[in-house]
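Let me begin by presenting the structure, written as C-alpha cells, before commenting on it.
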Amino acid sequence: MSAKEVNELIRQAAEKAMRETDSEPEPGLTEEINWPIKVELHRGLAGAISNTTQIGYVNGAKGWLIYRGFNCFDLAEKSSYEETCHLLLHGRLPSSSELSIFNEQLKKYRRVPQPVLDVLRMIPTESSHPMSALATAVSMLGNLDANSEDISVENETEISLKLISQMATLAGAIGRIRQGKEPLTPNPELSHAANFFYMLSGTVPDEMNERIMDVSLILHADHGMNASTFTTMVVNSSLSDMYSSVVGGISSLKGPLHGGANQQVVLNLREIGSVENVDSWYQKKRAAKEKVMGFGHRVYKAYDPRARIFGPIAKLMAEKSAENKTIYEIAAKLEEVVVSELGQERKIFPNVDFYSGIIYKAMGIDTDMFTPIFAVSRIAGWTARALEYLADNRLFRPRAVYTGPIKIDYKPIEDR
Ligand code: ACO
C-alpha cells in the first residue's frame with residue numbers, strides 16, 4: 001500500500017461527493033454583513049453568528065469544507081499539514097521558498113522546555129485524561145514564556161507557530177509517559193506528520209502511515225465556529241494571552257460531544273463485538289434514547305466530507321489485521337443501520353470522528369490519545385481564527401434570558 005493509493009481514494013471520495021450533493025441548495029452565510037443583523041437563535045447558540053471570517057467555511061447542506069477558498073478534498077490529496085497551516089495563518093499557499101522558511105521555523109520550535117516535561121511526569125496517568133495533561137502542559141509553556149503577555153498580533157503570531165509545532169511534541173510526550181516510557185527528542189529530518197507519528201509511537205512511519213497522518217492533520221485543522229474554536233476566541237477576545245486561549249480550546253475539545261467522540265466510537269465498536277450484534281446494540285441505544293457516537297453534526301446535514309475520506313482509508317487500513325478488519329466491518333454495518341433509519345429523514349450521517357478512531361487504532365495508537373491528535377491539528381484553526389479576530393478585536397459578551405423571580409423581599413435568617 002502506498003501514499004499514491006491513499007491519494008487516489010481521496011480523489012474518488014471527492015468525485016462521489018460532487019455527484020451526491022450537486023442538487024443541494026446553493027451556499028448560505030457567504031454574504032457581506034452589515035451589523036447589526038437579525039437571526040433566528042436556537043439553544044446552544046445554534047444559528048448565532050459571532051463574526052465574519054476569511055479563514056474557512058462549512059456548508060452543511062452541500063457537505064463542503066473550505067479553507068480560504070480551497071476545498072478539503074484538494075488539500076487532503078495534494079497538500080501537507082505545514083502548507084495548510086501557512087494557508088490558514090497567512091491567507092495563501094506558500095511559494096517553495098516561503099514553505100522552506102515556514103518548515104524551518106516549525107522545526108526550530110519542536111523541542112519543549114525541560115520543566116514542561118518534568119510537570120508532565122508528575123501527572124498521575126491513572127486518574128488524568130491526556131487532554132487535561134495537554135492543557136496543563138500548554139499552560140506551563142505560557143508560564144515559562146517571558147513574552148506571553150505581549151498580546152500584539154505580531155507576538156501572538158509567533159506564539160501560534162510555536163504552539164503548532166509544540167502541540168505535537170507535547171502530545172507525543174504525554175502518550176509515551178502514559179505507556180511508562182521516556183519522551184523522545186523530535187527528529188528535525190522528518191515532516192510534521194512523520195515526526196509526530198515517531199514521537200507518539202517510537203517508530204518512523206512508512207510512506208503510507210506518514211501520508212495518512214498528514215491527511216488527518218489537514219482535515220482536522222479548521223472547522224468553522226465549532227465549540228473549541230469559539231472557546232479559544234472568547235478567551236482571546238478579553239485580551240488574555242494565546243497560551244490561555246489555547247488551554248480553553250483544549251478543554252472544550254476534550255468533551256465527548258466534540259473531540260472526545262472518536263475515542264468513544266472505538267470503545268462502542270469493541271463493545272458491539274461482531275457484525276451480528278450491531279442491530280440489537282443499536283436498538284438498545286435507540287430505546288434508551290442515547291446518541292450513537294460518531295454520528296450527527298450541528299452543521300452538516302449531508303455526509304461530512306471528512307468522513308467521506310476517512311471511510312475508505314479506514315477500509316484500506318483494516319486489511320492490516322483480522323482485528324482491524326472486524327472493527328471496520330462492525331463500523332460499516334453500524335453506518336448502514338443508523339443511516340437507513342436516521343439518514344434521509346433526520347439527516348444524521350457519520351461525522352469526522354466515526355472513522356478516524358479506526359484509522360488511529362490500525363496505526364497502533366492508544367485509544368486515549370485519539371483526542372490529543374485532534375488538538376495537534378486543530379491548533380492551526382484555533383490560532384488562525386483567534387489572530388484574525390484579534391486584529392479587529394471586540395470582547396465577546398452575549399446575554400442570557402433570565403427566567404428567575406425579579407423582586408423578593410430579603411428576610412432576616414431567623415424569619416426564613
Ligand atoms: N445519534 C442519535 N440521534 C442523534 C445523534 C446521534 N449521534 N445526533 C443527534 N441526534 C438526534 C438527537 O437525539 C435529537 O433528536 P430529537 O430532536 O428527537 O431530540 C436531534 O438529532 C438533534 O440533536 P442535537 O443533539 O440537538 O443536535 P446538536 O446539533 O446539538 O448536536 C452533536 C450535534 C452534538 C454532534 C450530536 O449530533 C451528537 O451528540 N453526536 C454524537 C457525538 C459526536 O459524534 N460528536 C462529534 C461531533 S463532530 C466534532 O465535534 C468533531
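Since this is a predicted model, take the numbers as computed values, not measurements. Remember, it's 1-based here, ligands and their atoms both numbered in the order they're listed. Note: hydrogens, waters and symmetry copies are ignored here, and every other heavy atom, side chains too, is used. The chain is numbered in sequence order, starting from 1.
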Query raised in the report: What residue and atom, counting heavy atoms only, is the protein's closest point to atom 42 (C) of ligand 1, and at what distance?
Result: Met293 SD, 3.6 Å

Requested in this report: Tell me which protein heavy atom sits closest to atom 29 (O) of ligand 1, plus the residue, atom name and distance to 0.1 Å.
Outcome: Arg298 NE, 2.7 Å

Query raised in the report: Between the side chains of Glu82 and Ser191, does any donor sit under 3.5 Å from an acceptor?
Result: no

Query raised in the report: Just distances here: any N/O of Val292 and N/O of ligand 1 closer than 3.5 Å?
Result: yes

Report summary line: the protein heavy atom lying closest to atom 47 (C) of ligand 1 turns out to be Asn351 ND2, 3.6 Å

Query raised in the report: Any luck finding a side-chain donor-acceptor pair between Glu276 and Ser274 under 3.5 Å?
Result: yes

**Report entry** Test of proximity, Glu290 against ligand 1: N or O pairs below 3.5 Å
**Finding:** no

Query raised in the report: Does the side chain of Thr229 pick up a donor-acceptor pair with the side chain of His223 at under 3.5 Å?
Result: no

Report summary line: Rounding to 0.5 Å, atoms CG (Asn324) and NZ (Lys361) come to a distance of 4.5 Å

Query raised in the report: How far apart are the closest heavy atoms of Asn187 and Arg110, and which atoms are they?
Result: O-NH1, 2.8 Å

Query - Test of proximity, Asp353 against ligand 1: N or O pairs below 3.5 Å - result: no

Query - atom 14 (C) of ligand 1 [closest protein heavy-atom partner, distance rounded to 0.1 Å] - result: Arg346 NH2, 3.8 Å

Query raised in the report: Is ligand 1 less than 4.0 angstrom away from at least one heavy atom of Gly44?
Result: no

Query raised in the report: His258 to ligand 1: N or O pair under 3.5 Å?
Result: yes

Query raised in the report: Any side-chain heavy atom of Thr371 within less than 4.5 Å of one from Lys254?
Result: no

Report task. Return the residue, atom name and 0.1 Å-rounded distance of the protein heavy atom closest to atom 41 (C) of ligand 1. Result -> Phe295 O, 3.4 Å

Report task. Would you check whether Leu342 has a nitrogen or oxygen atom less than 3.5 angstrom from a nitrogen or oxygen atom of ligand 1? Result -> no

Requested in this report: Do me a favour and list the nearest non-hydrogen protein atom to atom 34 (C) of ligand 1 with residue, atom name and distance?
Outcome: Leu257 O, 4.1 Å

Query raised in the report: Roughly how far, to the nearest 0.5 Å, is CG of Asn262 from NE2 of His220?
Result: 6.5 Å

Requested in this report: Examine the side chains of Asp368 and Gln263 and answer whether a donor and an acceptor come within less than 3.5 Å of each other.
Outcome: no

Requested in this report: Measure the distance from atom 3 (N) of ligand 1 to every protein heavy atom, then report the residue, atom name and distance (to 0.1 Å) of the closest one.
Outcome: Ile348 CD1, 3.9 Å

Requested in this report: Provide the number and element of each atom of ligand 1 under 4.0 Å from a heavy atom of Gly294.
Outcome: 43 (C), 44 (O)

Query raised in the report: Going by the atom numbers of ligand 1, which of them fall below 4.0 Å from some non-hydrogen atom of Gly296?
Result: 35 (C), 37 (O)

Query raised in the report: Any protein heavy atom under 4.0 Å from atom 19 (O) of ligand 1?
Result: no

Query raised in the report: Do you see a donor-acceptor pair shorter than 3.5 Å between the side chains of Ser244 and Asp241?
Result: yes

Requested in this report: Pull out every atom of ligand 1 sitting under 4.0 Å from any heavy atom of Ala261, numbered as shown with elements.
Outcome: 43 (C), 44 (O), 45 (N), 46 (C)

Query raised in the report: For atom 25 (O) of ligand 1, what is the nearest protein heavy atom, given as residue, atom name and distance?
Result: Lys291 NZ, 2.5 Å

Query raised in the report: Just checking, any donor-acceptor pair under 3.5 angstrom between side chains of Glu210 and Tyr198?
Result: no

Report summary line: Note: Val352, heavy atoms under 4.0 Å from ligand 1, region reported as side chain

Query raised in the report: atom 27 (O) of ligand 1: protein heavy atom closer than 4.0 Å?
Result: no

Query raised in the report: Among side-chain atoms of Asn51 and Tyr389, is any donor-acceptor pair under 3.5 angstrom?
Result: no

Query raised in the report: Any side-chain donor paired with an acceptor under 3.5 Å for Glu207 and Ser2?
Result: no

Query raised in the report: Just checking, is any N or O donor in the side chain of Tyr355 or Glu335 under 3.5 Å from an acceptor N or O on the other one?
Result: yes

Requested in this report: Please indicate, with yes or no, if any protein heavy atom is found under 4.0 Å from atom 49 (C) of ligand 1?
Outcome: yes

Query raised in the report: Is there a heavy atom of Phe374 sitting under 4.0 angstrom from any atom of ligand 1?
Result: yes

